[in-house]
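Side chains included, hydrogens not; waters and symmetry mates left out as well; all remaining heavy atoms used. All figures in this text were calculated on a predicted structure; none of them were measured in a lab.
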Amino acid sequence: MLLLPGDLSYADFLQPRWDSYGRLVEPLASARPWMVTEGNHEIERIPLLEPRAFKAYNARWRVPYDAGDSPSGSNLYYSFDVAGGMVHVVMLGSYAGFEAGTAQHEWLRGDLARIDRGRTPFVVALVHAPWYNSNKAHQGEGDDMRDAMEALLRAARVDAVFAGHVHAYERFTRVYGGMEDQCGPVYVTIGDGGNREGLADEYIDPQPKTSVFREASFGHGRLQVVNATHALWTWHRNDDDQPVVADQVWITSLASNPDCNNRAGAGAQA
């Protein structure tokens with residue numbers, strides 16, 4: 001399955017770019033599931049002329065938001081199970097309301113509460129604007145959403161959060177509240193898949209202790225769920241059109257960590 005955390009065609013109001021992007025990805029998107037969430041380049045809203053945001057995105061990329069046991073009611077955020085129920089994937093919307101009391105926030109609370117971690121050992125989330133980021137690009141743009149939703153993810157023992165937006169790669173250790181936390185998710189910025197704007201190659205120094213690996217190169221990541229307790233995350237750098245392994249880490253399911261399965265460890269305060 002291919003997962004994209006937003007910024008698909010970079011059409012930016014030029015609709016033929018949506019067509020050319022569709023032709024470009026069709027060989028892959030027709031061969032395996034291609035699941036997306038929206039980025040800022042999908043908003044395409046012009047005051048007075050086109051007041052309705054995401055018009056092209058919602059028409060061209062219809063996701064299964066109304067399917068399954070947890071319909072969201074919005075094409076901008078949804079969830080699904082994959083790998084025979086081994087993995088629950090939550091696709092969040094950075095550009096839909098996310099504060100406490102909003103439809104997305106209430107849906108996320110209910111969606112996470114429905115997960116049976118005995119049946120579904122891994123839970124991952126995708127979001128466009130990263131919640132943790134030491135690149136100089138797009139600093140702080142995901143902070144409000146993080147403040148609104150981070151506690152929900154930790155309480156549900158979400159294993160990893162993948163973001164886009166920043167045109168570079170960065171992997172953080174398990175984090176919660178800005179500090180290393182063995183029961184928080186692994187945070188990965190994987191906004192390096194290719195774009196017409198170039199790479200974001202300036203990072204903040206010194207590198208934060210929670211930031212394990214960072215590099216401004218084009219590439220892609222792969223999450224291989226090996227069994228009910230372990231998944232292998234690999235980031236491949238693109239060197240002369242050849243994928244080269246540049247970063248790799250084993251991710252252990254938080255559902256299998258006894259320290260994260262009690263009220264204190266699981267962050268029940270959320």
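Grouping the Ile, Leu, Val, Met, Phe, Trp and Tyr side chains by contacts below 4.5 angstrom, directly or via other members, places L254 apart from V87. Under a hydrophobic clustering in which Ile, Leu, Val, Met, Phe, Trp and Tyr are joined whenever their side-chain heavy atoms come within less than 4.5 Å, directly or via other members, L28 and Y10 fall into different clusters. If you chain together hydrophobic residues whose side chains sit under 4.5 Å apart, F213 and V188 fall into the same group. The hydrophobic cluster containing V175 does not contain V212, counting ILVMFWY residues as joined when their side-chain heavy atoms lie under 4.5 angstrom apart, directly or transitively. L3 and W34 fall within a single hydrophobic cluster, where Ile, Leu, Val, Met, Phe, Trp and Tyr side chains are chained together by heavy-atom contacts under 4.5 Å.
Between M145 and V127 the shortest side-chain heavy-atom distance falls below 4.5 Å. The closest side-chain heavy-atom distance from N58 to L76 is below 4.5 Å. Contact check for H105 versus E99: no side-chain heavy atoms found under the 4.5 Å cut-off.
E215 pairs by the salt bridge (charged side-chain N to carboxylate O under 4.0 Å, His left out) definition with R237, not counting sequence neighbours. Take R17 and apply the side chain to side chain donor-acceptor pair (under 3.5 Å) test, not counting sequence neighbours, and it matches no residue. With sequence neighbours excluded, the residues forming a side chain to side chain donor-acceptor pair (under 3.5 Å) with D247 are Y169, R171, listed by chain and number. Here D159 pairs with R117 under the salt bridge (charged side-chain N to carboxylate O under 4.0 Å, His left out) rule; sequence neighbours left out. Contacts of S134 classified as side chain to side chain donor-acceptor pair (under 3.5 Å), with partners at least two apart in sequence or in another chain: E170, R214. Shown here are the ring pair (Phe, Tyr, Trp, His ring centres under 6.0 Å) partners of H165, two or more places apart in sequence or in another chain: H128, H138. Residues satisfying the ring pair (Phe, Tyr, Trp, His ring centres under 6.0 Å) test with H220, not counting sequence neighbours, are H236. A search for side chain to side chain donor-acceptor pair (under 3.5 Å) contacts involving D12 returns H41, R196, not counting sequence neighbours.
Q104 places no side-chain N or O within donor-acceptor distance of the main-chain N or O of Y77, the cut-off being under 3.5 Å. Listed for the N135 side chain is a donor-acceptor partner under 3.5 Å among the backbone atoms of A200. A donor-acceptor pair under 3.5 Å is absent between the side-chain atoms of S211 and the main chain of P208, judged by distance alone. Side chain of W107 to backbone of Y78: no donor-acceptor contact under 3.5 angstrom is found. Looking only at distances, a side-chain donor or acceptor of N257 sits under 3.5 Å from a matching main-chain atom of D259. Judged purely by atom type and a 3.5 angstrom limit, N227 uses its side chain to pair as donor or acceptor with the backbone of H230. No donor-acceptor distance shorter than 3.5 angstrom exists from the side chain of N261 to the backbone of S256, with no hydrogens or angles considered. With hydrogens and angles disregarded, no donor-acceptor distance shorter than 3.5 Å links the side chain of Y95 to the backbone of G39. The closest donor-acceptor contact from the side chain of R174 to the backbone of G184 lies under 3.5 Å.
Atom CG of L199 is separated from atom NE2 of H167 by 8.5 Å, given to the nearest 0.5 angstrom. Interatomic distance, OG1 of T37 versus CG of L4, reported as 10.0 Å (0.5 Å rounding). One finds the CD1 atom of I115 at 4.0 Å from the NE2 atom of H88 (value rounded to the nearest 0.5 Å). A distance of 9.0 Å separates CH2 in W61 from OG in S9, rounded to the nearest 0.5 Å. Remark: T189 OG1 to Y132 OH distance equals 12.0 Å, nearest 0.5 Å. Atom CG of D144 is separated from atom OG of S94 by 11.0 Å, given to the nearest 0.5 angstrom.
The two residues V166 and N133 come nearest to each other via the heavy atoms CG2-ND2, 3.7 Å. Smallest separation of non-hydrogen atoms from P5 and I190: CG-CG2, 4.3 Å. Counting all heavy atoms, side chain and backbone alike, V123 lies closest to V90 at CG1-CG2, 4.5 Å. In this structure, V36 and L8 approach most closely via the heavy-atom pair CG1-CD2, 3.9 Å. Nearest heavy-atom pair, Y57 versus N75, reported as atom, atom and distance to 0.1 Å: CE2-ND2, 3.8 Å. Here the shortest heavy-atom pairing between A125 and L153 reads CB-CD2, 4.3 Å.
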Check the pair V63, M35 against side chain to side chain contact (heavy atoms under 4.5 Å, CB included), reporting the backbone distance first and the verdict last. CA-CA 7 Å; V63 299; M35 310 301 284; 5.5 Å; no
Step by step, work out the side chain to side chain contact (heavy atoms under 4.5 Å, CB included) result for F218 and N195. CA-CA 9 Å; F218 290 120; N195 59 83; 3.9 Å; yes
Given I43 and F54, is the side chain to side chain contact (heavy atoms under 4.5 Å, CB included) satisfied, shown in steps? CA-CA 5 Å; I43 297 175; F54 303 107; 3.6 Å; yes
Begin with the C-alpha distance, continue with both residues' side-chain angles, and end with the deciding distance and a verdict on side chain to side chain contact (heavy atoms under 4.5 Å, CB included) for D192 and W235. CA-CA 10 Å; D192 59 334; W235 177 63; 2.6 Å; yes
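For the 3.5 Å distance criterion, the side chains of T210 and E180 fail to qualify, holding no donor opposite an acceptor.
With ring centers used as reference points, F162 lies under 6.0 Å from W233.
Sorted by first and then second residue, the salt bridge (Lys or Arg N to Asp or Glu O under 4.0 Å) pairs with a member in residues 221-235 form an empty list; sequence neighbours excluded. The list of salt bridge (Lys or Arg N to Asp or Glu O under 4.0 Å) pairs with a residue in residues 28-52, not counting sequence neighbours, reads E50-K55. Every pair passing salt bridge (Lys or Arg N to Asp or Glu O under 4.0 Å) that includes a residue from residues 58-82 is listed here, sequence neighbours excluded: D19-R60, R62-D66, D81-R119.
Hydrophobic side-chain contacts under 4.5 Å tie M179 to no other Ile, Leu, Val, Met, Phe, Trp or Tyr residue.
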